[in-house]
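Working notes for the structure below.
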Amino acid sequence: MRLAAPIVALLVGLAVAPLVADARDEAKKQVEFGIRVAQRSLWREAIFWWERATKSDPTYAAAHNNLAIAYEHEGDLPKARQAYEKALELEPNNAMIKQNYELFKEINDRTTRKTGQ
Amino acid sequence: MTAPRARLVSSLGAVLLAVACTNSYEIQIETPIRPKLDVGAFQRVLVAGFLAGGTDDVDGNLETTRLLRSQLRTKSELRVIDSDVLPLMDVASEERTNDSGQAAAPAPIKDQKDLEGFEHVFANVEYWKKIGDEYQQPLIVTGTVMFTPLQKNQLVQREQEVYDSFGRRRVIPIRSYQERKGFSLDGRFIFIDGRSGTTLHSETFAEQVLYSANQTTPALSSYFELMDRLIPSFLSTLSSQKIKGTRILLQ
């Protein structure tokens, strides 16, 4: 009886693992496709695929990072900030996401700095 | 180099290393920045003139007016009106004379405080409406410019070669306070509706540049160096801009 709980947890884990892996695989494909279309300057299409990727696997930092870049390119700075922050929340030590975010902040600050009526 | 920029540069090395090790793609982007001010109602812009002070080596009123007009000509859709630069200092002095009944001789303007006594001219709706009517109701750009010499002691780091007892060379950082000279540029851009004479928007700025004390830099070139930093923000008030950059897509 004492062994029942760990065994159940193990079984649940084994059952869920393929689903998680499937979600990540699915998201990876969507991210990859988004990159290909972004490289052809089809940014709206890229946004569609990366948004789908973040839904397929909300823990996939790369998808949020790419989505942030696309929003930035489209001039939607509040959404870009949100997506960068989500990417950094998922992978706080990712130097590339940090670098993208720093560059984004420089532009964002320029649009809001020292103004007043 | 500013502290955030230095951090950015130092992290670039780490990023390049990471780029080499993971599936990532560098991509060019162009971020569109919407103008801070809706100028849809105007077809023309009049850079009228500025209340200026500070060093006598640069005429802040004339240079700022010329520079902003030339920038707007190439980077804005508004038609730039060519006219004589308004002697705003004299206009403000005259107003003071009328108000108090005494002649107010414009003393040399050496700092921001000296300027404050003249800034009431921006609130004179009638005056700006009259100017607006004269030029077919354009958007009017005016403001204050204070360009002053600056002297500061600043912590400076330099590298020094040292040799140990075996003759091995080492480079060690030496930090010391050094006298630095330069200029500061402070002020305000004010955007006035030429139809009503009212202020639509204003934007303050403060920049400074310091050089080593033995370096001789002409005041005018320092002025342009500092204005170069302000121009993107000024232009983004009136017209949409596209800022080019590079980002890293991840897989």
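Predicted model only: the values in this text are computed from it and were never measured. Every chain is numbered from 1, with letters handed out A, B, ... down the list of sequences.
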For B/Ile27, is it the side chain, the backbone, both or neither that has a heavy atom under 4.5 Å from a heavy atom of chain A? side chain
Working to the nearest 0.5 Å, report the span between OG of B/Ser24 and CD1 of A/Ile97. 11.0 Å
Is the shortest side-chain heavy-atom distance between B/Thr31 and A/Phe104 below 4.5 Å? no
Contact origin within A/Ala38 toward chain B - heavy atom pairs under 4.5 Å: both
Within 6.0 Å of CD in B/Glu116, more than 12 heavy atoms from elsewhere: yes
With a 4.5 angstrom heavy-atom cut-off, could you sort out which part of A/Glu74 is near chain B: side chain, backbone, both or neither? backbone
Under a 4.5 Å heavy-atom cut-off, does chain B meet the side chain of A/Asp76, its backbone, both or neither? neither
How many angstroms lie between CD in A/Glu32 and OH in B/Tyr25, if you round to the nearest 0.5 Å? 6.5 Å
Quick one: does B/Arg247's side chain get under 4.5 Å of A/Glu72's, heavy atoms only? yes
Mark yes or no for whether A/Asn65, through its side chain, and B/Leu249, through its backbone, hold a donor-acceptor pair below 3.5 Å. no
Using modelled atom types only, decide if a donor and an acceptor are shared between the side chain of A/Asn100 and the backbone of B/Ile248 within a distance under 3.5 Å. yes
Under 4.5 Å heavy-atom distance to chain A, tell me which part of B/Ser240 shows up: side chain, backbone, both or neither. neither
Interatomic spacing from CG in B/Leu250 to CG in A/Asn94 - rounded to 0.5 Å: 5.5 Å
Measure across B/Gln251 and A/Val31 and return the closest heavy-atom pair with its distance rounded to 0.1 Å. CA-CG1, 4.1 Å
Output the distance between atom CD (B/Gln28) and atom NE2 (A/His73), rounded to the nearest 0.5 Å. 11.0 Å
A/Tyr60 versus chain B, the contacting section by heavy-atom distance below 4.5 Å: side chain
Taking everything shown except A/Gln82 itself, do over 12 heavy atoms lie less than 6.0 Å from its CD? no
